[in-house]
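Excluded from the calculations below are hydrogen atoms, water molecules and symmetry mates; all remaining heavy atoms, backbone and side chain alike, are included.
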Amino acid sequence: MKKRSKVIMIVITGAAILIGSIWLINESSYPNVPAFDDHFTRKFLNKDEKADDGFYEFKSKTGQYTMWFPEEYQVLHKNREDYAINNDSYESWWAVYNEEVEGKTQANYIKTEFLTSNPADESIHVEALFKRRFGLSIPNKIENSQTRIYYQSAYIYFKGTEKRVIVDKKKHIPNTYLAYVADKRSNKIVPAINIKAVMKKKSKNGF
């Protein structure tokens, strides 16, 4: 009986070592960056496709679009509103990156949606989006054979309850970036915003 128990223990130990080794080998195959440290975020990323320095290819779970994803960010998923998807017609997600800036924690956010919109109403939606965020009716625009991209950046802050927007980069480095991407071949759009907004003093316990 003792011999049988010993054999079982050896088998269990060997299996644990094998499983552990396979896990370590698998984990070591991922880039050593925050985006791949999070198991949810890595599901969207192609570890073998580095889009550019500091970016990896992000593929939507709808299968409808890809984009460059910064390696420092992680897609939020703890709450229902963090990530949502409806088959291949809708997807919404937040990603965050916390960094230390002059002894304070700065939270950097990316908010992205994928949805449908009537192309005939594009100018109305673009004007409303950029006017609401920046107070601008006409953003910058670039396009190619497949997409139209509207974009703008600005430094946004509040003086009391009054919102102030500085678009001139010579006066202040932007902390908010907004883009609206429209597919010319369909009614699919991707509005996205990157905000570097929340500054907190770091307390003694690190929170």
Gap separating the [atom1] atom of [X] from the [atom2] atom of [Y], nearest 0.5 angstrom:
X	Y	atom1	atom2	result
D37	E72	CG	CD	12.0 Å
Y177	I193	OH	CD1	11.5 Å
D48	N46	CG	CG	5.5 Å
W94	E81	CH2	CD	10.0 Å
E127	D121	CD	CG	12.5 Å

Might you point out which heavy atoms bring [X] and [Y] nearest each other, and give the distance in Å?
X	Y	result
P31	F36	O-CB, 3.5 Å
N194	Y109	ND2-O, 2.8 Å
Y90	E113	OH-OE2, 2.8 Å
L76	F40	O-CE2, 4.3 Å
R133	I156	O-CD1, 3.7 Å
K159	R164	CD-NH2, 3.4 Å

- Are any side-chain N or O atoms of T176 and backbone N or O atoms of I195, one a donor and one an acceptor, separated by less than 3.5 Å? no
- Task: For T147 and I149, indicate whether the former's side chain and the latter's backbone hold a donor-acceptor pair under 3.5 Å.
- Result: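 Judged by distance alone, no pair lies under 3.5 Å.
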- N-O pairing of K141 and E143 below 4.0 Å: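 Answer for the salt bridge query: yes.
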Any side-chain donor-acceptor pair under 3.5 Å between [X] and [Y]?
X	Y	answer
T105	E100	yes
Y150	E122	yes
S89	K188	no
N108	E99	yes
E91	Y83	yes

- Message: Does the structure place the NZ or CZ of K47 under 6.0 Å from the centre of the six-membered ring of Y56, at an angle of no more than 45° from the ring's axis?
- Response: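 K47 over Y56 ring: no.
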More than 12 heavy atoms of other residues, nucleotides or ligands under 6.0 Å from [atom1] of [X]: yes or no?
X	atom1	result
N144	CG	yes
K131	NZ	no
I85	CD1	yes
K59	NZ	no

- Any side-chain heavy atom of Q152 sitting closer than 4.5 Å to one from V167? yes
- Message: Just so I know, are the side chains of N140 and I142 near enough to count as touching, which here means a heavy-atom distance under 4.5 Å?
- Response: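 Result no, sub-4.5 Å side-chain heavy-atom pair not found.
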- Take Y65 and F114 through the ring-ring contact (aromatic ring centres under 6.0 Å, His included) test and state the conclusion after the steps. CA-CA 9 Å; Y65 72 94; F114 170 78; 5.3 Å; yes
- Message: Using the rule that Ile, Leu, Val, Met, Phe, Trp and Tyr join whenever any side-chain heavy atoms are under 4.5 Å apart, tell me whether F55 and Y97 fall into a single cluster.
- Response: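 Different clusters: F55 never reaches Y97 through Ile, Leu, Val, Met, Phe, Trp or Tyr contacts under 4.5 Å.
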- Message: Is there a path of hydrophobic side-chain contacts, each under 4.5 Å between heavy atoms of I/L/V/M/F/W/Y residues, joining M67 to V190?
- Response: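 Same cluster.
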